Q: 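First the structure, then my questions, so here it is.
Computation of the quantities below employed the complete heavy-atom set of this structure, encompassing side-chain atoms and omitting hydrogens, waters and symmetry-equivalent molecules. Remember, predicted model here, so these are calculated numbers, not experimental data.
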Amino acid sequence: MNSEDTVDVVLIGGGIMSATLGSLISRLQPDWSIRLYERLGRVAQESSNPWNNAGTGHAALCELNYMPEAADGTVSAEKAVSINEQFQVSRQYWAHLVESGALSEPNSFINSTPHMTFVRGKSNIEYLKKRVDALDGEPLFAGLEYSDDLDTIAEWAPLLAKKRNPRARIAATRIESGTDVDYGALTVQMLRDIESRGAEIRTDHQVTWLKRQKDGTWKLRIRNLVGNTPETVRARFVFVGAGGGALSLLQHSGIPEIKGYGGFPISGQFLRTTNPKVVAQHQAKVYGKAAVGAPPMSVPHLDTRVVDGETSLLFGPYAGFTPKFLKSSTWFDLPFSIRLHNLVPMLQVGLRNFDLVRYLVSELLASRDKKMKALREFMPTAKSEDWELITAGQRVQVMKKDPKRGGVLQFGTEVISGADGSIAGLLGASPGASTAVPIMLEVMQKCFPDRMAEWEPKLREMIPSYGTTLSDDPDAAAASLARTAAALQITA
């Protein structure tokens, strides 16, 4: 092979986003050549790794931050419904891949796990009732149950109620159609499939530089970390799906669209137990409310996890701070990401987010006893000796220019694409992996607008609701939930 060959699509980063985009393109345009570069020795080792995230199929079934209470006391379901719509797109595509044989047994990456919310105190209970009322009649939230009865909650999740003060004011919701997803296993299987369709997967390869050429292609410099040898390649389209590493590469690309963007890294830890006696008493993902000043990704939750066929429980996350943008990168990521064009937005974000800074400092200083105290608010019987502390993945929240405030901190994902559509990248975090398919459809709409009409019939075959809204059609929503549940072997 020539030292500088040309491929149609280069994917940077071996996580769920690159895997999803590669999977879609390999089906929509099978004659295009695809090559993926991953810096580490294996794919799915950063944010997509199952122990670096909570594995929640973020469908807004239990995450209260998607339905905050407004200043006037009202609660809107709009964002929650939108997030669920996006998750259904991912779910439909995964079901298609299972039905076509591209993915193996569904329980190797997705398992039924009821999604619950759990709150304490009068004001939080009143809020939860408002949330339930706002979701009443929404087709994608059919089956949502509410209770403030301790015995009922004990039936749903025994560990929440065992040895809890019977006079305590608590409430919970439950919906049985929730899921636990191993995004690492899903990523590996998707990449294995696209490799069988002709794509090249190159691990231990780090993209160090990229520049747009006069002919419209991109020239990339890559270092093969086995032997430390340099390589170059030209690509007609580049996707930067490198998680926390995406910001640096997009800055190196020189596209004006990245100007004004910065990154705010937040680390995390979970408590984990594999004690069979404890694990057997909890089958749910139970989300609470975030502390004042805490980022949405730090909402406390007690989760059932299924990884490699083994069930365990996670509690957390406990947020922290390092200047790293990736779990396996360097301490210079944050300072090296500062540019003249993003300095003001970053300073403005810092000045306006003292609550967040105070929260992160308190989390960094928290003792193990304090961490266990937080767990016991969910699970009164928790014993310290049953739980180990594990380090989760890094999340880099988006900081960007804002015409009114100078700079804002954004808790979400954002697609950055060049004006000519030859390059795109993804910044941000949650809901992330759960909505990988609609996010990658957004990438394709931005970068290949002239091909979307040609691709639409195939997209509708793979994603039947493509171009429509399930929440507007109760019959279509019920049919989609039933069909994908059957294919994925999960509760409808």
Side-chain angles (χ1 to χ4, degrees), residues 8-9 11 14-36 43-44 48 50 55 57 59 85-112 177 179-201 239 241 306 308-309 433-445 448 451-468 470 476-492:
D8 293 306
V9 176
L11 307 171
I16 187 66
M17 296 299 175
S18 292
T20 300
L21 183 58
S23 178
L24 286 164
I25 290 177
S26 71
R27 283 164 171 76
L28 297 169
Q29 202 70 45
D31 58 324
W32 283 4
S33 55
I34 300 173
R35 185 179 299 166
L36 180 147
V43 298
S48 299
E85 287 277 2
Q86 294 177 60
F87 180 69
Q88 297 307 322
V89 172
S90 291
R91 186 165 142 163
Q92 288 175 66
Y93 187 61
W94 300 340
H96 168 77
L97 293 181
V98 169
E99 291 168 338
S100 64
L103 298 178
S104 62
E105 289 299 315
N107 63 11
S108 65
F109 69 90
I110 188 168
N111 288 273
S112 289
S177 59
T179 53
D180 172 71
V181 185
D182 182 341
Y183 293 105
L186 180 58
T187 298
V188 169
Q189 291 184 37
M190 292 175 80
L191 291 179
R192 188 181 298 140
D193 173 63
I194 69 168
E195 194 170 27
S196 73
R197 302 168 69 86
E200 296 179 72
I201 312 296
F239 174 67
V306 182
D308 296 330
S434 301
T435 56
V437 177
I439 291 172
M440 292 305 101
L441 289 174
E442 180 185 347
V443 168
M444 294 193 298
Q445 288 162 352
F448 308 111
R451 293 187 176 269
M452 295 307 292
E454 175 189 342
W455 289 343
E456 186 170 333
K458 182 64 176 178
L459 283 169
R460 288 187 180 279
E461 176 189 327
M462 300 187 297
I463 305 165
S465 73
Y466 178 76
T468 67
L470 289 173
S480 179
L481 289 168
R483 186 188 71 81
T484 55
L488 298 171
Q489 299 174 21
I490 56 177
T491 300

Q: With no hydrogens and no angle check, is any side-chain donor or acceptor of S26 less than 3.5 Å from a backbone partner on G22?
A: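 Yes: the side chain of S26 pairs with the backbone of G22.
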Q: Do NZ/NE/NH1/NH2 and the carboxylate oxygens of E99 and R483 come within less than 4.0 Å?
A: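 Yes, this pair counts.
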Q: Would you say the side-chain atoms of S112 pair up with the backbone N or O of T491, donor to acceptor, closer than 3.5 Å?
A: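 Yes; at least one donor-acceptor contact below 3.5 Å.
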Q: S196 side chain to D193 main-chain N or O, any donor-acceptor pair under 3.5 Å?
A: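 Side chain of S196 to backbone of D193, a donor-acceptor pair under 3.5 Å: yes, one is there.
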Q: Using modelled atom types and a 3.5 Å cut-off, is there a donor and acceptor pairing between side-chain atoms of Q189 and backbone atoms of S104?
A: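 Yes.
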Q: So, S33 side chain and D8 main chain: donor-acceptor pair closer than 3.5 Å or not?
A: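 Yes: the side chain of S33 pairs with the backbone of D8.
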Q: When you look at Q92 and S465, which way does the side-chain hydrogen bond (donor to acceptor under 3.5 Å, both in side chains) test go after all the steps?
A: CA-CA 8 Å; Q92 288 175 66; S465 73; 2.7 Å; yes
Q: Give a yes or no on whether the backbone of I16 and the side-chain of S48 come within a donor-acceptor separation of less than 3.5 Å.
A: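 Judged by distance alone, yes, a pair lies under 3.5 Å.
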Q: For E461, is there an ion pair with K458 - N to carboxylate O distance below 4.0 angstrom?
A: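 Between E461 and K458 there is a salt bridge, with a charged N closer than 4.0 Å to a carboxylate O.
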Q: Hey, is the main chain of F109 close enough, under 3.5 Å, to the side chain of D182 for a donor-acceptor pair?
A: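 Pair absent, no side-chain N/O of D182 close to backbone of F109.
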Q: Would you say the side-chain atoms of R460 pair up with the backbone N or O of Y466, donor to acceptor, closer than 3.5 Å?
A: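 At least one qualifying donor-acceptor pair exists.
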Q: Could you walk me through whether S23 and Y93 pass the side-chain hydrogen bond (donor to acceptor under 3.5 Å, both in side chains) test, one step at a time?
A: CA-CA 10 Å; S23 178; Y93 187 61; 2.6 Å; yes
Q: N111 side chain to D180 main-chain N or O, any donor-acceptor pair under 3.5 Å?
A: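 Answer holds: no.
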